Amino acid sequence: MARKKNEIFFIPYLTQADLMLLHHPGDNDVKAYKAMEKAVEDGKIRSIGLSNWYIEELKEFLPQVSITPALVQNEIHPYYQESEVIKYIHSLGIVVQGWYPFGGRGYTKELLSDKVISQIAKTHGKSSAQVILRWNLQKGVIVIPGSSNPKHIQENTEIYDFELTDEEMEQINALNRDEKHDWY
């Protein structure tokens, strides 16, 4: 099946997509987002959002569209925290979703063995991964950890039976390096 340029592609057997994201700021963003808004109106998409958008881009973009994004998905982990971006997005009533919560291929090993995170994990009888996920949740960030390992997938769900103290949150906040996994 040939696609026309800029045509939104839907799998024939799928009657409605749950969520569609406009991936990254670029040319024709408003036009692309308005096409997504039309798909929402037509019942083809339930919710729309943005990925890899920050304060400056959001301030310029949002006044030009009709439907407020359901969420903004950005890279967020202890070495790249984007705290001001999170506060700004939350102030707009938009959900923040963090991808690469373990730092991605560039930082995962280092982040999971970080002394501060490891000590906090030991205190709670949890893994470093669980502490990082919990830290995100307590910051109001929905996380999307990826794994194909059933043990890790199960472990990633076991983060609701403990809470980090304010001091522990601050210790992790102090790890920020403003280092993204990759620049896109």
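Heavy atoms only: backbone and side chains are in, while hydrogens, waters and symmetry mates are out. Predicted model, so just to flag it, every value in this text is computed and none were measured.
Taking the side chain as every heavy atom from C-beta outward, Leu22 and Met36 approach each other to under 4.5 Å. You'll find the side chain of Asn52 stays beyond 4.5 Å of the side chain of Gln73, heavy atoms only. Looking only at side-chain heavy atoms (C-beta outward), Ile117 and Ile132 come within less than 4.5 Å of each other. Asn74 places a side-chain heavy atom less than 4.5 Å from the side chain of Ile89. Side chains of Tyr100 and Ile76 form no contact here, defined as non-hydrogen atoms less than 4.5 Å apart. The shortest side-chain heavy-atom distance between Leu71 and Leu19 falls under the 4.5 Å cut-off. The closest side-chain heavy-atom distance from Trp135 to Gln81 is below 4.5 Å. A heavy-atom distance below 4.5 Å is found between the side chains of Met169 and Lys139.
Hydrophobic clustering places Ile67 together with Leu50 (ILVMFWY residues linked when any side-chain heavy atoms are closer than 4.5 Å, directly or through intermediates). Cluster membership for Ile153 and Phe102, using ILVMFWY side-chain heavy atoms within less than 4.5 angstrom, is not shared. A continuous path of Ile, Leu, Val, Met, Phe, Trp and Tyr side chains, each step under 4.5 Å between heavy atoms, connects Ile55 with Val65, placing both in one hydrophobic cluster. Note on Phe162 and Val143: same hydrophobic cluster, where clusters join Ile, Leu, Val, Met, Phe, Trp and Tyr whose side-chain heavy atoms are under 4.5 Å apart, directly or indirectly. Val95 is not connected to Leu92 by any chain of hydrophobic side-chain contacts under 4.5 Å among Ile, Leu, Val, Met, Phe, Trp and Tyr, and they are in different clusters.
Ala121 and Ser128 get closest at one heavy-atom pair: CB-N, 3.7 Å. Minimum interatomic distance between Glu155 and Ala129 (heavy atoms only, all atoms of both residues): OE2-CB, 3.9 Å. What you find for Leu112 and Ser118 is that their closest heavy atoms are O-OG, 3.8 Å.
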Walk me through it: do Gln119 and Val116 pass the test side-chain contact (heavy atoms from CB on, under 4.5 Å)? CA-CA 5 Å; Gln119 182 55 51; Val116 171; over 6 Å; no
Quick one, His124 with Glu168, criterion side chain to side chain donor-acceptor pair (under 3.5 Å). Give me CA distance, side-chain angles, the key distance, then yes/no. CA-CA 11 Å; His124 291 279; Glu168 290 167 334; 2.9 Å; yes
Test side-chain contact (heavy atoms from CB on, under 4.5 Å) applied to Ile159 and Leu133, step by step: CA-CA 7 Å; Ile159 59 173; Leu133 295 176; 3.8 Å; yes
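Glu158 and Tyr160 are not linked by any side-chain donor-acceptor pair at a separation below 3.5 angstrom, with hydrogens and angles left out of the test. In summary, the side chains of Tyr79 and Asp114 do present a donor paired with an acceptor at a separation below 3.5 Å, with no hydrogens or angles considered.
Side chain of Asp29 to main chain of Gly26: a donor-acceptor pair is present (N/O by atom type, distance under 3.5 Å, no hydrogens or angles). In this structure, Thr108 contributes its side chain and Gly103 its backbone to no donor-acceptor pair below 3.5 Å. Listed for the Glu75 side chain is no donor-acceptor partner under 3.5 Å among the backbone atoms of Gly98. A donor-acceptor pair under 3.5 Å links the side-chain atoms of Ser91 to the main chain of Tyr88, judged by distance alone. A donor-acceptor pair under 3.5 Å is formed between the side chain of His90 and the backbone N or O of Gly140. Under a 3.5 Å cut-off, the side chain of Gln97 and the backbone N or O of Val141 do not form any donor-acceptor pair. In terms of modelled atom types and a separation under 3.5 Å, the side chain of Glu57 and the main chain of Tyr54 share a donor-acceptor contact.
Between Phe61 and Trp53, the two ring planes are tilted [angle within 30° to 60°]. Between His77 and Tyr107, the ring planes lie tilted relative to each other; the angle falls in the 30° to 60° range.
For the atom pair OG (Ser127) and CG (Asn156), the distance works out to 7.5 Å, reported to the nearest 0.5 Å. We find the CD-OH distance between Glu179 and Tyr80 to be 11.0 Å, quoted to the nearest 0.5 Å. Here CD of Gln138 is found 8.5 Å from OG1 of Thr165. Values are rounded to the nearest 0.5 Å. Of the inter-residue distances, the one linking Lys34 atom NZ with Ile48 atom CD1 reads 10.0 Å to the nearest 0.5 angstrom. A distance of 8.5 Å separates CD in Glu167 from CD1 in Ile120, rounded to the nearest 0.5 Å. With rounding to the nearest 0.5 Å, the separation of OG in Ser66 from NZ in Lys38 is 13.0 Å.
For the pair Glu110 and Arg177, the salt-bridge criterion is met [side-chain N within less than 4.0 Å of a carboxylate O]. Taking the charged nitrogens against the carboxylate oxygens, Lys87 and Glu84 do have a contact shorter than 4.0 Å, which makes a salt bridge.
Shown here is Asn149, whose CG atom has more than 12 heavy atoms of other residues, nucleotides or ligands within 6.0 Å. Counting heavy atoms of neighbouring residues, nucleotides and ligands inside a 6.0 Å radius, atom CD of Glu60 does not exceed 12 of them.
If you run side chain to side chain donor-acceptor pair (under 3.5 Å) between Asp161 and each of Lys126, Gln130, Arg134, only Lys126 comes through.
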